[in-house]
Amino acid sequence: MSENKDFSLLSGLTLAYIGDAIYEVYIRDFLIRSGQTRPNQLHRLATHYVSAKAQHYLIELMMEEDFLTKEELAIYKRGRNAKSHTSAKNTSVFIYRASTGFECLIGYLHLTEQKTRLDEVVAWCIERIGEKSEK
């Protein structure tokens, strides 16, 4: 499938583009498998995981806990520092850029077929958002 492409050469915004979709599917899958079935409820619950603020919170926690490898941190920073032509909606540019970096990391793990690590990262995120919601 990947035909030996070096996906690490893609721009941060391109990686974030696919990462946004991949992370959204993981979260939707998690919510439905955990028994949520009403569309309005699903959308509201999903925003706890996929909003720019949630992704910023998660990536900050990952760095605090040294959860990322050096390579993953570099990929995150590439996405965070990418110059986007779209503006942040309902949040600051700082938070928006951090969430772009988060999505870049997810996209990179997906395209480089690091499924085990991607599963681990998403499970970690789901657990942390769950802990935050309980507080």
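If you're wondering where the values come from, they're calculated on a predicted model, not measured in any experiment.
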Do Thr37 and Leu42 pass the side chain to side chain contact (heavy atoms under 4.5 Å, CB included) test, and can you show the C-alpha distance, the side-chain angles, and the key distance before you say yes or no? CA-CA 7 Å; Thr37 57; Leu42 284 167; 5.7 Å; no
How many angstroms lie between [atom1] in [X] and [atom2] in [Y], if you round to the nearest 0.5 Å?
X: Asp29; Y: Ile126; atom1: CG; atom2: CD1; answer: 8.5 Å
X: Glu60; Y: Gln55; atom1: CD; atom2: CD; answer: 13.0 Å
X: Asp20; Y: Leu13; atom1: CG; atom2: CG; answer: 12.0 Å
X: Leu68; Y: Ile75; atom1: CG; atom2: CD1; answer: 11.0 Å
X: Ile59; Y: Glu72; atom1: CD1; atom2: CD; answer: 9.0 Å
X: Leu9; Y: Thr14; atom1: CG; atom2: OG1; answer: 11.5 Å

Taking Ser99 for its side chain and Tyr96 for its backbone only, find out whether a donor-acceptor pair lies under 3.5 Å. yes
Out of curiosity, does [Y] fall in the hydrophobic cluster containing [X] (side-chain heavy atoms, cut-off under 4.5 Å, transitive links)?
X: Ile106; Y: Met63; answer: yes
X: Val50; Y: Leu61; answer: yes
X: Ile95; Y: Leu105; answer: no
X: Tyr49; Y: Ile32; answer: yes
X: Leu10; Y: Leu109; answer: yes

Here the pair of heavy atoms bringing Arg117 nearest to Phe67 is NH2-O, 2.7 Å
Quiz item: cation-pi between Arg97 and Tyr76, 6.0 Å / 45°: no
Determine, stepwise, if the pair Ile27 / Leu45 fulfils side chain to side chain contact (heavy atoms under 4.5 Å, CB included). CA-CA 9 Å; Ile27 295 305; Leu45 290 171; over 6 Å; no
Just wondering, more than 12 heavy atoms not from Arg128 lying within 6.0 Å of its CZ? yes
Quick check: are there more than 12 heavy atoms from other residues, nucleotides or ligands sitting under 6.0 Å from OH of Tyr17? no
Sub-4.5 Å side-chain heavy-atom contact between [X] and [Y]:
X: Leu15; Y: Glu103; value: no
X: Val121; Y: Met62; value: yes
X: Ser51; Y: His56; value: no

Donor on one side chain, acceptor on other, Tyr108 and Glu71, under 3.5 Å: yes
Fit a plane to each ring of Phe102 and Tyr23, take the angle between them on a 0 to 90° scale, and name the class: parallel (under 30°), tilted (30 to 60°) or perpendicular (over 60°). perpendicular
Step by step, would you call Ile129 with Tyr57 a side chain to side chain contact (heavy atoms under 4.5 Å, CB included)? CA-CA 9 Å; Ile129 293 295; Tyr57 167 77; 4.1 Å; yes
Does His110 form a side chain to side chain contact (heavy atoms under 4.5 Å, CB included) with Phe7? I'd like the steps, not just the answer. CA-CA 10 Å; His110 169 72; Phe7 291 109; over 6 Å; no
